[in-house]
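Here is the structure we will look at, set down as structure tokens.
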Amino acid sequence: MPPPQFLELDDIHKRFAGVHALRGVDLSIREGEVHCLAGENGSGKSTLIKVIAGVHPPEEGRVRIGGSDLDPVTPLESIRRGVQVIYQDFSLFPNLSVAENLALNNEVEQGRRIVRWSRIRATAREALARIRRELPLHRPVGELPVADRQLVAIARALLHDARLVIMDEPTTALTQREVENLFTVIENLRAEGIAILFVSHKLREVLRISERLTILRNGSKVAEGPTTDFDERSITEAMTGRSVRDEKFHYTAGPGARPPVLEVEGLGRPPAYRGVSFRVDPGEIVGITGLLGSGRTELALGLFGLLPAREGSVRLDGQPLRIRSVEEALAAGIAYVPEDRLTEGLFLEQSIHRNIIASILPELAGRFGFLDFARARREVEEWIRDFGIATPNAEVPAQSLSGGNQQRVLLARWLARTPRVLVLNGPTVGVDVGSKEAIHQRLRALAAEGMAVLLLSDDLPEVVSNCNRVLLLREGRLAAEFDESVTEETLNAHFAETAGTAGV
Amino acid sequence: MSEPAPRKPLLRRILTADDNLNRLILVSVAIFAAMVALNPDSFLTLRNFVSMSYSFPELGLLALGLALCMITGGIDLSVVGIANLTSVLAALLMVSLLGPDSPPAAVVPVLALAIAVALVTGVLAGWCNGMIVSRFRIHPVLVTLGTWQVFSGIAIILTKGYAVPGFPDAFLALGNGRFLGLPVPLYLFLAAAAVVALVLNRTRFGLSLFLIGTNETAARFAGIPVRSVLVRTYMSSGFLAALAGIIMIARTNQAKADYGESYILQAVLVNLLAGVRWSGGYGRVTGVLLAVVTLQMLSSGFNMMRFNNFARDFTWGVFLILIMVANHLFTERKRRRESAAATPRPAPTPNQETPSS
Ligand SMILES: Nc1ncnc2c1ncn2[C@@H]1O[C@H](COP(=O)(O)OP(=O)(O)OP(=O)(O)O)[C@@H](O)[C@H]1O
Ligand SMILES: [Mg+2]
């Protein structure tokens, strides 16, 4: 006999100002089941999760958790019945330490008045032990890499006697290894009878880890069933309503020898990276990949002037260039799309309009710094249309957009500058397959116009299909270079080797 | 979009699209009504309104400077110190260079010099604040609390603690004069408010303030020169404080190193009432304007009821706390309502970029 249903949603409707985000969605999850929720950006996945969590009470429909209806659905009641949600933004306190983030909720819940640090540390250690990770307990969470922040969020959820752990895009920020790690955690939880609902845009992961699958499109459920009934093609088609293919990018050197756009010679900022040399010709998309801690983000920040390099030289269009600040990098035509859109990218409470024009203020400013709003509005409208950003208008705050649409806003901001060198760090993190393809097409078109594109990514399929050259960084040094015939298997093999030598 | 809008309730039609502003309008009307009721004979008189419009501009100017800093997520507590230091300098210049029977031809250049020195000193003081805040990453509350003491201290040393009285009539006109029946300080304040509104809503600098206040890291990644913008913000605040200082001494005909210490609490109060966000990223000049008038009505009303100064400071304190609690409750409720918005609401007006004051 199959285990009983833990969660049942029936005909859920949810509307926001002008947006019908959920249109009669059903969903059921059994105890100990790993269930995946898939769908394009803005299809309502996060909203559905918030309905379950009681954050957004539905206008219509029924929510049943643990065998009885919730009426009304409130966050407290949902938590009481064992639902724990890890949101896309993790909802951690960046200024508090890892230990405090893990333990403080418990302290408060248990009505403790006096904080004992030994007890807090013990609780925190226990929580991390359940996911088999060690993290520096005293470090402020805001200083941790995204991947570790997420682990803190997961560990914290487990402290609450969860019976259903919901993870909104848990793998988007993780490297391959950490995804494996997470999947082990998920398997363990399943063995304990804890159900998992997770959202992912990486179809391969969906197919690997989940038992059942629900697919949303435009707020409606369009498919549901055991995962074995699906493959990547059918999921994509259900999500988008059409067939999508991401074809391999081929670089053809233009007629005549064009000088390289970017030449990097012996660049270094020890200990993060050192002695890095490469060049990018116009029209090339060069991928840079490497495990966490390989120094690739630092390298990108070096090119963008945020963590200026201390050694080596950079030439742009043949001219020597010293990059000591972001202003200098921007003036030279180097743009950088940051990795962590929530802390480094977006102005969440500000309008989409302001978010997009943030990088082109100097161009929009006329005499005495007055901005040309007519032009700004035209630009913004154009980008919203071009990128298909799903929003009622440009004046809504960026935080009301779905994750993938937020990412597009960020891309639009940087492309609006028409840079010479575009450095992207995880440009399609959290972006659905359909729009991913659109973004890739865009990058190729930009490259074809002569822009040099540097693509930093963990997403190996993305790197392999879009880059005509791939650089592999290992412990701050260039370890290998591949041409466009590179395959995921080759890259994976190198990763395994790296992990081996590093003794992880 | 083109379907006829359903008839909105009366209140909705009066009110604007900005909830913050709406709340403020309601508070103002309530306080106005209360003051009229409590002082039936004296409040609704022309004399009272004229007297009010002489006194709120100085507070208004201080509050405007504070608002700029708060929008970036900072604060400038040293504004009163700057106002006192700069006005003491101007006063000393005027008193030492002019005698009771200086010819009018000598007066004008001295006045111009005194005012220029005051304004430049204000800007320099703001520059110090801005440099410390942006270079050393010390919290603006601590920085400006410190510089407040420094600026006041310099003013005390310069005056040895005595008042510096006796300015030429031409200067006093800046504080007491009238133009077309309205007080000169009111014009200065309104002009400053208009410029600040224009800068905030229409310029690259203004927009940068909001972006920095919303997310400073993202602002740096977006290539906004955060440090220089912050320095210029505190410089603007210093300039406005110096202008307030000039009006203060022109109104009272004397400069004192410790004048108007309670203004700082009131200036914070104005900004909170105006809905300028404590953590940065939001604030409107219209709000500051309305809030400063509201506070003035309260203050004049208290005066008529013969509140003594201690009772008044006590009331300011209580009021400050009430506003903070109310602001918090409203934000909470708004958050909850937004996530639970059951009925589609009309989209916000498309051009929020246009200046609203
Ligand atoms: N608080 C809100 N106010 C207004 N609209 C909202 C709000 N939250 C979500 N929406 C809208 O509801 C729709 C569904 O958004 P949701 O975040 O659920 O999408 P998603 O499937 O999680 O997308 P993604 O894959 O990009 O994260 C979107 O059109 C979004 O703009
Ligand atoms: Mg989402």
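Order of the sequence lines fixes the chain letters, A, B, ..., with proteins taken first and strands second; residue numbering starts at 1 for each chain.
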Under 4.5 Å from a heavy atom of chain B, the part of [X] involved:
X: A:Glu327; result: side chain
X: A:Ala365; result: side chain
X: A:Leu348; result: backbone
X: A:Phe368; result: backbone
X: A:Leu306; result: side chain

*Do B:Arg204 and A:Phe370 have side-chain heavy atoms sitting under 4.5 Å apart?*
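With C-beta onward as the side chain, the pair stays apart.
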
*Sequence neighbours left out, what passes ring-ring contact (aromatic ring centres under 6.0 Å, His included) with B:His139? Give chain and number order.*
none

*Applying a criterion of heavy atom separation less than 4.5 Å, what residues of residues 212-232 of chain B form contacts with chain A?*
B:Thr214, B:Asn215, B:Thr217, B:Ala218, B:Ala219, B:Arg220, B:Phe221, B:Ala222, B:Gly223, B:Ile224, B:Pro225

*In sequence, state the C-alpha distance, the side-chain angles, and the governing distance for B:Thr203 and A:Leu371, and then conclude on side chain to side chain contact (heavy atoms under 4.5 Å, CB included).*
CA-CA 5 Å; B:Thr203 68; A:Leu371 295 171; 5.5 Å; no

*asked:* If we define contacts as heavy-atom pairs under 4.5 Å, which of A:Val326, A:Leu361, A:Asn355, A:Leu410 has the most with chain B?
replied: A:Leu361

*Heavy atoms only, distances under 4.5 angstrom: which of A:Ala394, A:Gly345, A:Pro362 has the most pairs with chain B? Name it, please.*
A:Pro362

_Geometric cation-pi criterion, A:Arg354 with B:Phe210: 6.0 Å, 45°_ = yes

*Roughly how far, to the nearest 0.5 Å, is CG of B:Leu211 from CG of A:Leu346?*
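CG of B:Leu211 is found 11.5 Å from CG of A:Leu346.
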
